[in-house]
Amino acid sequence: MNQLRITQLEKKFGERKKEENPAFSLKPVHLTIEEGEFFSLLGPSGCGKTTLLKLLAGLEQADNGEVWVGEANITNVPSEARNFAMVFQQPLLFPHMNVEDNIAFGLKMKRVKRAERIERALEMLGHVGLKGYGKRFPNELSGGQQQRAALARALVSDRASY
Amino acid sequence: MKKNYLPAKAFLFLFLLMFIFLPFIPLVLTSFSYNWIWPNAMPESFSLSAWDYVLFDNSSTWQAIGVSLLIAFIVTAVNIILAVPAANAFVRYPLRGKWLFEAIIFAPIVIPPFVAVMGIHLTFLRIGLTETIFGVVLAHISPTLPYVVRAAITSYSTLSVDWENQARMLGAGPFSRFYHVVLPHLMPGIAAGASLSILISLSQYLITFIIGSGQVMTLPILLFPFISGGDPAIASSYSLLFAGMAIVALLILDLALKRYYKKKQAAAAIKGVRE
């Protein structure tokens, strides 16, 4: 059974000017999430939900603490090698690629053959209800459709998604 | 709305006509003239001798064009390789004393090149880089690099880190992130910077003259003696040739860029046909 374990994860951001609010810091977080568990993180704006996610993804470097997946300590593993998937708040579809290339991007990075990755991308497009939209470019989709395409892109590569 | 555009368009047209097109007329006339003396409004007789001399008698013309273009394209390639990482550092990293680095890189725009070139010349003399194309290429970098860096900085500052983070989360390593995500975004800026770099390098006279010591013959080096008191017909022919060379160089760059974008579109189209 793979667990995601977070131990004493802590992050302080640099001091801002004195008139502004005090510098943001994430108090040490201690958390264990079981595989298959549906976990939600709630809180008011600016309380550090995204910061915690970014620390887990490795997009921010933690000041203290460790992140474990099963028996592996991944605290110092770079983001691209952590095998996580993440849907950001903005869709962030690459504007110069059409939707199916966007979705297949993760598979391309895994060196999956072109025919196979397009097939899987198209299948995933169907799952998010965007069948037939593969040839469009992101700016030709509505906001909600872009968000769904971004979701498909995160789901398609068999990664642990958060 | 349409009404408002008309005067602006007319003005722009007039401006282009007066300052860009009209000066070419006497240039063309002079290049075909023979013995055009004041106060004649038009040349008394026409001849092809100037063009004949420039294009056929004087074999060094073509060589000079080749050397000019070679230098311009090498300089531009080096500039791009230098400017992209520099722009990345300027935009992305909090650097102490960033203004100082910026001031050093942009200084060649403000300070006359002559000042720097005298020092560069002395140094190059010591290490034996004068009279070589390599030395001239190095010397051309200082006046052209600021423009390429400027363009790359502008491109970089409109690229949010989120895109690269997104690519990271999809498993893209540093090289893939740069090639698939960053480079397509930078391309228009790089093209703009590269055009400026090519044009500025092509039109360098002083730097080429001093560092090349007359051994590296670019087109401006051939052209200059005729302007400052030689045959005006030959000077005009060379000037026209120079303008043509610059335009062709820009067209080549433009074509290459269009091909780059077309290739992307064609790749998308081929996929469309197959499915």
Side-chain angles (χ1 to χ4, degrees), chain A residues 14 50 53-54 56-60 77-112 114-115 117-119 121-122 132 134-138 150 152-162, chain B residues 84 88 91-98 152 154-192 256-275:
Chain A
T50 305
L53 278 177
K54 279 190 170 169
L56 287 185
L59 298 174
E60 294 275 2
V77 174
S79 309
E80 55 266 31
R82 288 193 183 192
N83 212 28
F84 284 4
M86 183 167 166
V87 180
F88 289 76
Q89 280 160 17
Q90 295 89 29
L92 293 178
L93 296 167
F94 303 124
H96 55 283
M97 300 179 195
N98 64 21
V99 171
E100 72 187 27
D101 280 340
N102 258 290
I103 295 177
F105 187 81
L107 299 172
K108 187 176 181 177
M109 293 302 114
K110 279 187 166 177
R111 303 185 194 287
V112 175
R114 169 146 195 106
R117 61 178 195 253
I118 292 298
E119 190 192 316
L122 288 176
K135 290 284 175 291
R136 295 209 189 183
F137 280 86
R153 181 171 61 175
L155 289 175
V156 78
S157 46
D158 291 336
R159 292 169 156 243
S161 299
Y162 296 99
Chain B
V84 170
N88 181 27
V91 175
R92 295 282 168 80
Y93 295 99
L95 203 66
R96 203 172 266 275
K98 192 183 270 186
T154 311
S155 288
Y156 251 111
S157 55
T158 56
L159 177 70
S160 158
V161 198
D162 290 347
W163 296 104
E164 281 152 275
N165 281 344
Q166 174 66 74
R168 282 191 92 164
M169 294 315 295
L170 293 166
F175 178 77
S176 296
R177 286 203 294 277
F178 180 77
Y179 183 74
H180 292 292
V181 178
V182 177
L183 198 58
H185 183 90
L186 296 186
M187 219 49 198
I190 290 178
L257 198 72
K258 279 204 180 115
R259 261 183 72 140
Y260 169 82
Y261 281 114
K262 240 197 198 129
K263 227 160 129 189
K264 299 230 136 174
Q265 278 176 354
I270 287 165
K271 270 179 286 160
V273 168
R274 215 174 45 202
E275 272 148 3

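Residues of residues 155-164 of chain B placed with any heavy atom under 4.5 Å of a heavy atom in chain A are listed by number as Asp162(B), Trp163(B).
For the atom pair CZ of Arg82(A) and CZ of Arg168(B), the computed distance is 8.5 Å after rounding to the nearest 0.5 Å.
In terms of modelled atom types and a separation under 3.5 Å, the side chain of His96(A) and the main chain of His180(B) share a donor-acceptor contact.
When every heavy atom of Phe94(A) is checked against every heavy atom of Val181(B), the shortest pair comes out as CE2-CG2, 3.7 Å. Counting all heavy atoms, side chain and backbone alike, Leu170(B) lies closest to Arg153(A) at CD1-CD, 3.5 Å. In this structure, Met109(A) and Gly171(B) approach most closely via the heavy-atom pair CB-O, 3.7 Å. Ala172(B) and Glu80(A) make their closest contact through O-CB, 3.5 Å (heavy atoms, listed as atom of the first residue, atom of the second, distance). Across every non-hydrogen atom of Ala57(A) and Met169(B), the tightest pair is CB-CE, 3.5 Å.
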